[in-house]
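Along the sequence shown, residues carry numbers from 1. Bear in mind the structure is a predicted one, so any value in this text is a computation, not a measurement.
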Amino acid sequence: MILYPAIDLKDGQAVRLVHGDMDQSTVFNDDPAAQARAFVEAGCEWLHLVDLNGAFAGAPVNAAPVEAILKSCKVPAQLGGGIRDIATIEAWLDKGLARVILGTIAVENPDLVREAARKFPGQVAVGIDARNGRVATKGWAEETDVMVTDLAKSFEDAGVAAIIYTDILRDGAMGGPNIEATEALARAVSIPVIASGGVSSMADLTALKATGVISGAISGRALYDGAIDLNTALTKLKN
């Protein structure tokens, strides 16, 4: 199971939100590229980046720090937030991003996700953010009537590289991930599922790995706070 350290970008800084609330943000590093390098030097094999402003704006906002990270780190990175058309996807991949994460557009224009997955094989992931089993869009600000599993299953034949499943009520709250829902989703689809939201201890990582069906886990606040020791986590997840 791959551990993806999260770098959430707001106003050019690395922050963490609580429950996705832009008014409840904590700045962890005002130099996101330095933070990314620290994760890579510790042994991380992937980076998970989120343009929080972009998620609300519907277009890239924190391009400068993302580009700085891509230039200074040689491991693959995935990015979500405000990526809602083919031109933006292509532009990011041309800049060295390994994978784009499509969230809002997966609900509003699933055909675009299919087109992107065909055009850029292995480089398109779908971000499914949920509150009480229902998908939320536009930076989690809008709740839909779409059920998580239904949305995931609709992309089974699309060539999507991964599904990143976030339980919004767990995110940033250090209360543990929704392992039951994440495992159920992973068993319902053949697409690799990455857990996100509330991954806050070594026990969480161990439990996610023990399901045998979850391919990765994203953690942010716990790595910044030291609740998860990065070196220990990376060693245990490899074994």
Side-chain angles (χ1 to χ4, degrees), residues 3-42 44-85 87-105 123-129 136-141 162 164 166 168 170-174 194 196-200 216-225 230:
L3 176 61
Y4 295 78
I7 300 178
D8 290 359
L9 300 163
K10 178 176 181 265
D11 306 331
Q13 299 174 310
V15 307
R16 288 301 287 165
L17 308 184
V18 177
H19 303 321
D21 185 347
M22 288 287 268
D23 294 327
Q24 292 191 68
S25 66
T26 303
V27 176
F28 282 108
N29 199 320
D30 57 11
D31 185 346
Q35 183 61 62
R37 287 193 297 274
F39 284 141
V40 173
E41 285 162 11
C44 291
E45 296 174 356
W46 270 87
L47 295 170
H48 174 78
L49 314 176
V50 180
D51 181 349
L52 293 170
N53 303 102
F56 285 89
V61 175
N62 286 286
V66 173
E67 289 176 31
I69 289 168
L70 295 177
K71 283 175 184 167
S72 64
C73 297
K74 299 306 175 196
V75 303
Q78 61 186 20
L79 171 70
I83 304 173
R84 295 182 193 167
D85 57 58
T88 304
I89 294 168
E90 193 158 16
W92 274 124
L93 295 177
D94 284 347
K95 286 177 180 174
L97 201 67
R99 194 153 69 196
V100 295
I101 303 164
L102 306 180
T104 295
I105 204 70
Q123 294 186 287
V124 175
V126 170
I128 300 182
D129 305 328
T137 61
K138 296 187 172 70
W140 303 349
I164 294 156
T166 305
I168 296 167
R170 306 292 183 106
D171 192 74
M174 298 290 284
I194 298 168
S196 173
V199 179
S200 55
I218 293 165
S219 185
R221 181 177 291 273
L223 297 177
Y224 295 102
D225 286 351
L230 191 50

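- Residues Phe39 and Val75 are not in side-chain contact: their nearest non-hydrogen atoms beyond the backbone lie 4.5 Å or more apart.
- Using a 4.5 Å heavy-atom threshold, the side chains of Gln123 and Leu97 count as separate.
- Taking 4.5 Å as the limit, some side-chain heavy atom of Leu3 sits within range of a side-chain heavy atom of Leu230.
- Closest non-hydrogen pair, Val124 versus Leu102, comes out as CG1-CD1, 3.7 Å.
- Note that CZ of Arg37 and SG of Cys44 are 14.5 Å apart. Values are rounded to the nearest 0.5 Å.
- Of all heavy-atom pairs between Pro32 and Ile7, the closest is O-CD1, 4.0 Å.
- Annotation: side chain of Ile105 is not in contact with side chain of Ile83 (no heavy-atom distance under 4.5 Å).
- A donor-acceptor pair is defined here as one N or O able to donate and one able to accept, closer than 3.5 Å; such a pair exists between the side chain of Arg84 and the backbone of Ala55.
- The backbone N or O of Leu9 sits less than 3.5 Å from a side-chain atom of Asn62, completing a donor-acceptor pair.
- To the nearest 0.5 Å, atoms OH (Tyr224) and OG1 (Thr26) are separated by 11.5 Å.
- A pairwise comparison of heavy atoms in Lys10 and Met22 identifies CE-O, 3.5 Å as the closest pair.
- Ala36 and Ile69 make their closest contact through CB-CG2, 3.7 Å (heavy atoms, listed as atom of the first residue, atom of the second, distance).
- Annotation for Gly96 and Leu70: closest pair O-CD2, 4.1 Å, computed over non-hydrogen atoms.
- In this structure, a donor-acceptor pair under 3.5 Å is present between the side chains of Ser196 and Thr166.
- Looking only at distances, no side-chain donor or acceptor of Asp8 sits under 3.5 Å from a matching main-chain atom of Arg16.
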For this session: Could you give me the CA-CA distance, side-chain angles and deciding distance for Ile164 and Gln78, then say whether side chain to side chain contact (heavy atoms under 4.5 Å, CB included) is met?
Result: CA-CA 11 Å; Ile164 294 156; Gln78 61 186 20; 3.5 Å; yes
Exercise. Please walk me through it: do Leu17 and Leu52 pass side chain to side chain contact (heavy atoms under 4.5 Å, CB included)?
Worked result: CA-CA 9 Å; Leu17 308 184; Leu52 293 170; 3.8 Å; yes
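- Nearest approach of Trp92 to Pro60, heavy atoms of both residues: NE1-CG, 3.8 Å.
- One finds the CD1 atom of Ile218 at 10.5 Å from the CH2 atom of Trp46 (value rounded to the nearest 0.5 Å).
- Distance check: Ile128 CD1 to Thr137 OG1 gives 12.5 Å after rounding to the nearest 0.5 Å.
- Distance check: Leu47 CG to Arg99 CZ gives 12.0 Å after rounding to the nearest 0.5 Å.
- At distances below 3.5 Å, at least one donor-acceptor pair connects side-chain atoms of Asn53 with backbone N or O atoms of Asp11.
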Exercise. Should Val100 and Leu93 be marked as a side chain to side chain contact (heavy atoms under 4.5 Å, CB included) after you check the CA-CA gap, both sets of side-chain angles, and the distance that decides it?
Worked result: CA-CA 8 Å; Val100 295; Leu93 295 177; 4.2 Å; yes
